[in-house]
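Worksheet for the structure shown next.
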Amino acid sequence: MDEMKFCPLQEGYSFTVGNDVKEQELAGGLPRQVKQFVGSIHNVTAQILLRDQLERQIFWAFWRINQTKLWWWRLVLDNGDLEDCVCQFNNSTVPSETLIEGRIRKIQISIRVVPIKRDPDFDKWLIEQWQNGKLQDISDLEKIPNVWMPAATGV
């Protein structure tokens with residue numbers, strides 16, 4: 001698989017998580033919900049900056065070759081850190097290019113991203129710690145691997 005080497009800009013970056021829940025409206029009360037899917041795709045809209053003609057040619061060559069293929073890109077998803085993601089261009093909205101200051105170009109793309117499997121036991125533990133008042137702010141997150149779980153091997 002090819003890898004996108006351009007870094008996404010923070011400006012214009014949006015992430016929408018995939019929805020695994022099917023919902024049925026009822027005549028009264030709350031709708032019925034059931035987990036129907038596993039691994040519904042995420043959607044990401046991102047912008048990249050192309051500083052010169054060579055980078056522009058590289059991007060468009062990458063797009064032409066990988067329009068219908070899967071490829072890698074380092075993105076921020078539901079974990080909050082950059083992660084290697086399997087991506088696919090969303091061809092219902094093709095890339096758009098904007099000229100900035102005469103030679104720099106900004107490209108906006110919409111892509112589909114395969115979700116990364118998360119450990120449900122860790123999610124439960126994290127929520128429990130938060131609800132019990134053990135996690136107060138972001139600095140407490142650093143304590144998870146270094147203080148509270150130093151022997152953890154990961155998922």
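FYI, the numbering just counts along the sequence from 1.
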Got a sec: does the [atom1] of [X] have more than 12 other heavy atoms crowding it under 6.0 Å?
| X | atom1 | result |
| --- | --- | --- |
| Gln53 | CD | yes |
| Trp60 | CH2 | yes |
| Leu30 | CG | no |

Non-hydrogen side-chain atoms of [X] and [Y] separated by less than 4.5 Å:
| X | Y | answer |
| --- | --- | --- |
| Val94 | Trp63 | yes |
| Glu25 | Glu23 | yes |
| Val44 | Leu77 | yes |

Please list every donor-acceptor pair under 3.5 Å in which a side-chain atom of residues 69-76 meets a protein atom from a residue at least two apart or in another chain.
| residue | atom | partner | partner atom | Å |
| --- | --- | --- | --- | --- |
| Trp73 | NE1 | Phe6 | O | 2.6 |
| Arg74 | NH1 | Asp84 | OD1 | 3.2 |

Search all heavy atoms of Ile109 against all heavy atoms of Phe59 and return the closest pair with its distance.
-> CG2-CZ, 3.8 Å
Smallest heavy-atom separation, Cys87 atom then Ile111 atom, equals SG-CD1, 3.9 Å
To the nearest 0.5 angstrom, please state how far the [atom1] atom of [X] sits from the [atom2] atom of [Y].
| X | Y | atom1 | atom2 | answer |
| --- | --- | --- | --- | --- |
| Gln57 | Asp52 | CD | CG | 9.0 Å |
| Thr68 | Asn91 | OG1 | CG | 8.0 Å |
| Lys35 | Asp20 | NZ | CG | 5.0 Å |
| Asn43 | Thr93 | CG | OG1 | 9.0 Å |
| Arg103 | Leu50 | CZ | CG | 12.0 Å |
| Arg112 | Ser40 | CZ | OG | 12.5 Å |

Say whether [X] and [Y] are linked into one hydrophobic cluster, either directly or through other cluster members, by side-chain heavy-atom distances under 4.5 angstrom.
| X | Y | result |
| --- | --- | --- |
| Leu82 | Ile48 | yes |
| Ile116 | Met1 | no |
| Val114 | Val17 | no |
| Ile65 | Ile107 | no |
| Ile41 | Val21 | no |

Yes or no on salt bridge (Lys or Arg N to Asp or Glu O under 4.0 Å) for Asp123 and Arg118, after CA distance, side-chain angles and deciding distance?
-> CA-CA 8 Å; Asp123 287 348; Arg118 307 291 183 206; over 6 Å; no
Is the closest basic N to carboxylate O distance between Glu3 and Lys5 below 4.0 Å?
-> yes
Between Asn79 (side chain) and Asp81 (backbone), is there a donor-acceptor pair under 3.5 Å?
-> no
